[in-house]
Number of protein chains: 2
Amino acid sequence: MPILEIFSQGEEIVTGQTLDTNAAWLSEQAVQLGFTVARHTAVGDKLGDLVGLLKEIAGRADCCLCTGGLGPTSDDLTAEAVAEAFGLPLEFDEIAYRQIQSYFSNRKRPMPETNRKQALLPQGSTRLDNDWGTAPGFAVQAGHCWFAFMPGVPSEMCHIFLERVKSLLNERFILNPSRLVTIKTLGIGESDIQQRLGEVKMPERVQLGFRAGVDEVQTKLLFPADYPEKDMAALTADMTARLGDFVFGIDGLNEETGNLAAAVDKLMRDAGKTLAVIETASQGLLAAKCLGYAWLHSAAYEQSLSALGERLGVAVEMSDLAKTGALLAKALQNQNPADFVLIQLYDGSPAQFQNKDQTIILYNTLLNRESFQQIRHNLGGPAGRKQNQAALLGLDLLRRHLQNRKI
Amino acid sequence: MPILEIFSQGEEIVTGQTLDTNAAWLSEQAVQLGFTVARHTAVGDKLGDLVGLLKEIAGRADCCLCTGGLGPTSDDLTAEAVAEAFGLPLEFDEIAYRQIQSYFSNRKRPMPETNRKQALLPQGSTRLDNDWGTAPGFAVQAGHCWFAFMPGVPSEMCHIFLERVKSLLNERFILNPSRLVTIKTLGIGESDIQQRLGEVKMPERVQLGFRAGVDEVQTKLLFPADYPEKDMAALTADMTARLGDFVFGIDGLNEETGNLAAAVDKLMRDAGKTLAVIETASQGLLAAKCLGYAWLHSAAYEQSLSALGERLGVAVEMSDLAKTGALLAKALQNQNPADFVLIQLYDGSPAQFQNKDQTIILYNTLLNRESFQQIRHNLGGPAGRKQNQAALLGLDLLRRHLQNRKI
């Protein structure tokens, strides 16, 4: 597999003011295309550092994806560094210049003289047109390494990569793209997943990996390019079955599921149902995750449980939140035309909520016209994690109900 | 200033599965301590790559902060690579071993034999005790470069850096820490800020920078260590005055403000006031940002404006949202004992909301017992940005009122 490196230029990255999301994104793309990514490097805006680094990489890698340093100001030195490192003098590119001019004229703004610099490209390079910003990128062969230089603004970089660089990579390199299948779960930890999957006989050519995020735990299967589709589906199905109800989505096999909210959105639209929710621990975050979903009719947060009870005409019993949840759900259903009613309550003081070493007990109650389901969870960690988990577990109760139609 | 590099080890970083937040965090720390950060490098888990890179850095930098590769598994190769690169054979560290043992016995779990490996440290290295996980770190001098090796788990890395490494850096290097002042604004763009600040005569030794984030735009002033406190305060005050009401906080001068929600929290607590809010465009996100703030009494989201009007007994006029906002605010105030009532409405179809190239018009109405204020904004960009801006602008209206007491 060809060896690829990622190179990021920018004082703001080296000083830690900006997180280098470009490097991670480009690496994922490169791995999926079939490259071996060997190294990431970031440097600031000293010409000598840039020149030295470009020479190093040219002697080491088959391909290098570079971002940053293409802007109009004096600390944008990438083209100059390429010219010096590889003996390719800068030349004025008439087409690039006209593109920069029209960028400004389209926006009815005068083009500052400094932007002229962005039309200077190293001799013999291939221009990478940038329809999304001012600076064109460029690609250049140096020794046995092919370099692509892209802007540092993430949206422009993604566009140029997907629309220009990707096809050039496929032309220039013999690549065997691997296939990545991701099984997405909520409510089960990485070690429990590993235990459940321990008995699966893993084919030697398949790489198994795990990634625990804030919103989901991902079980990743990386298949070589020539792996039979049928065997890939069979292995994924076996593993999914072992993880059971915890699986809310699978990416990379047929369609992409997206995150949990997107999975619930699809199920709710298919079922043609609507929802009203009362949040406590998640304090608006469950509703916020459902942005743009027409099936969410209403959401409410009330800090005081007794104020909430009063509003809905329910006698709140702090010592019996299961019962209180059920009563509130019925009362809300009587007031509200939504098909589903979701009530989230929790047992725990504000101090317990804020303390990362203490847990709260979450009571989720889901009610529809025919049936009723209630589930209890222990939530730990910092307040923000408790909030996020409460939002996700509410959505997940809905997902499980819609998927199983059991309640 | 001494030259520092950041070195991250891990296949998950190089393949883009994990974003290297450690590198950015350590860089910020290093800059504030007074280092010049010259380079970040990340490599995977090939021994040869690691050895080569360590030698390179030893010939280039005065100091290197390293993360990752200290775990118990066979792909955790940092100590081995250090041993090979610098000719420092691994030695069994009895104290490290006992610490690893007690980590497991404290958790009532048997210590796997593989963890024994974590007690092997390069000859002559300084152990960096890890009270927050299994793997101790270590520091080693190689040539004229001092290396500190820390675990890759961010929470453990932060602890070891702050509790162990920072003081060692201050002992070993002559550092002149610079001082960073950050002026934080909302509702004004970077170019408008630059225009307003254009006439300020910037002292040559002060570095001016900008950072536009999702939640705020930061104007950054970096002062050299010996810059007079009085002049620093005067320059900051001058710039803050020019930015006027848009400034919600200043970090680095006296106290840290935190984000906008934290600034509003302080003002609300000082004023002893409470709030009830109705969200539309932000759909729960305003409430979610106020997690743990006791002054937020209630929040509601209702997808249908007519359903909302019916609930509060107000005749909704879609053609006059300013008037409707005022009527809803009064109606909510009559039902709700909170001191402030905030009503957020917007003009725009669901399609306009979702379309990143179209705008919606936001109407924020703030009412308290004595007075009334209404403000209108145009919101553009992707749906998630509109949602976030709507949440922030609601909080910001409250912030301006509390700061100015003008309405």
Side-chain angles (χ1 to χ4, degrees), chain A residues 6 8 11-21 23-31 36-44 46 49 53 56 209 211 220 279 282-292 294 296-304 307-308 337 350 353-354 383-384 387 391, chain B residues 6 8 12-21 23-31 36-44 46 49 53 56 209 211 220 279 282-292 294 296-304 307-308 337 350 353-354 383-384 386-387 391:
Chain A
I6 307 282
S8 312
E11 210 58 40
E12 71 287 1
I13 290 168
V14 165
T15 55
Q17 283 181 40
T18 299
L19 204 56
D20 191 3
T21 54
W25 189 86
L26 285 170
S27 296
E28 270 198 314
Q29 295 286 326
V31 168
T36 297
V37 183
R39 201 188 267 221
H40 293 185
T41 314
V43 292
K46 292 202 187 70
D49 287 358
L53 185 59
E56 272 178 39
R211 184 172 170 183
K220 297 190 165 204
E279 300 187 54
S282 59
Q283 197 170 317
L285 193 59
L286 193 160
K289 284 179 190 283
C290 296
L291 185 67
L296 180 65
H297 270 198
S298 68
Y301 163 74
E302 192 87 50
Q303 188 177 83
S304 143
L308 177 63
F353 199 105
Q354 292 299 324
Q387 177 183 36
Chain B
I6 307 283
S8 312
E12 70 288 359
I13 289 168
V14 165
T15 56
Q17 284 182 41
T18 300
L19 203 57
D20 191 2
T21 52
W25 188 86
L26 284 170
S27 296
E28 270 198 314
Q29 296 285 327
V31 168
T36 296
V37 183
R39 201 188 267 222
H40 293 184
T41 314
V43 293
K46 291 199 190 72
D49 287 357
L53 184 60
E56 273 178 40
R211 183 170 171 185
K220 296 188 166 206
E279 300 187 53
S282 59
Q283 198 172 317
L285 193 59
L286 193 160
K289 285 180 190 283
C290 297
L291 186 67
L296 180 65
H297 270 196
S298 69
Y301 163 73
E302 192 89 48
Q303 189 179 79
S304 144
L308 177 64
F353 199 105
Q354 292 299 323
K386 288 182 181 119
Q387 177 183 36

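Here is how names work: the chains are called A, B, and so on, in the same order as the sequence lines, proteins then strands, and each is numbered from 1. Just so you know, these numbers come straight off a predicted model, no measurement behind them.
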Largest heavy-atom contact set with chain A, pairs under 4.5 Å, which of [options]:
{"options": "Ile13(B), Ile6(B), Thr15(B)", "value": "Thr15(B)"}
{"options": "Leu19(B), Leu286(B), Thr21(B), Leu308(B)", "value": "Leu19(B)"}
{"options": "Glu56(B), Lys386(B), Lys289(B)", "value": "Glu56(B)"}

Would you mind checking which part of [X] comes under 4.5 Å of any heavy atom in chain B, side chain (CB onward), backbone (N, CA, C, O), both or neither?
{"X": "Glu279(A)", "result": "neither"}
{"X": "Ala23(A)", "result": "neither"}
{"X": "Ala391(A)", "result": "neither"}
{"X": "Val43(A)", "result": "both"}
{"X": "Glu302(A)", "result": "both"}

Residue Thr36(B) versus chain A: region with a heavy atom under 4.5 Å | side chain
Chain A heavy atoms under 4.5 Å from Ala307(B): which part of the residue, side chain, backbone, both or neither?
->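 Interface part for Ala307(B): neither.
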[X] versus [Y], closest heavy-atom pair with distance:
{"X": "Ala294(A)", "Y": "Gln303(B)", "result": "O-OE1, 3.0 Å"}
{"X": "Ala383(B)", "Y": "Gln354(B)", "result": "CB-OE1, 3.7 Å"}
{"X": "His40(A)", "Y": "Ser27(A)", "result": "NE2-OG, 2.7 Å"}
{"X": "Gly284(A)", "Y": "Ala287(B)", "result": "CA-CB, 4.5 Å"}

May I ask you to decide if Tyr301(B)'s main-chain N or O and Gln283(B)'s side chain share a donor-acceptor pair within less than 3.5 Å?
-> no
Is it true that Lys220(A) and Glu12(B) have a side-chain N and a carboxylate O under 4.0 angstrom from each other?
->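 So Lys220(A) does not pair with Glu12(B) through a salt bridge.
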Among [options], which residue forms the greatest number of heavy-atom pairs with chain B at distances under 4.5 Å?
{"options": "Leu53(A), Leu26(A), Asp20(A)", "answer": "Leu53(A)"}
{"options": "Gly44(A), Pro337(A), Ser8(A), Ser298(A)", "answer": "Ser298(A)"}
{"options": "Pro350(A), Ser304(A), Cys290(A)", "answer": "Cys290(A)"}
{"options": "Leu285(A), Asp49(A), Leu296(A)", "answer": "Leu296(A)"}

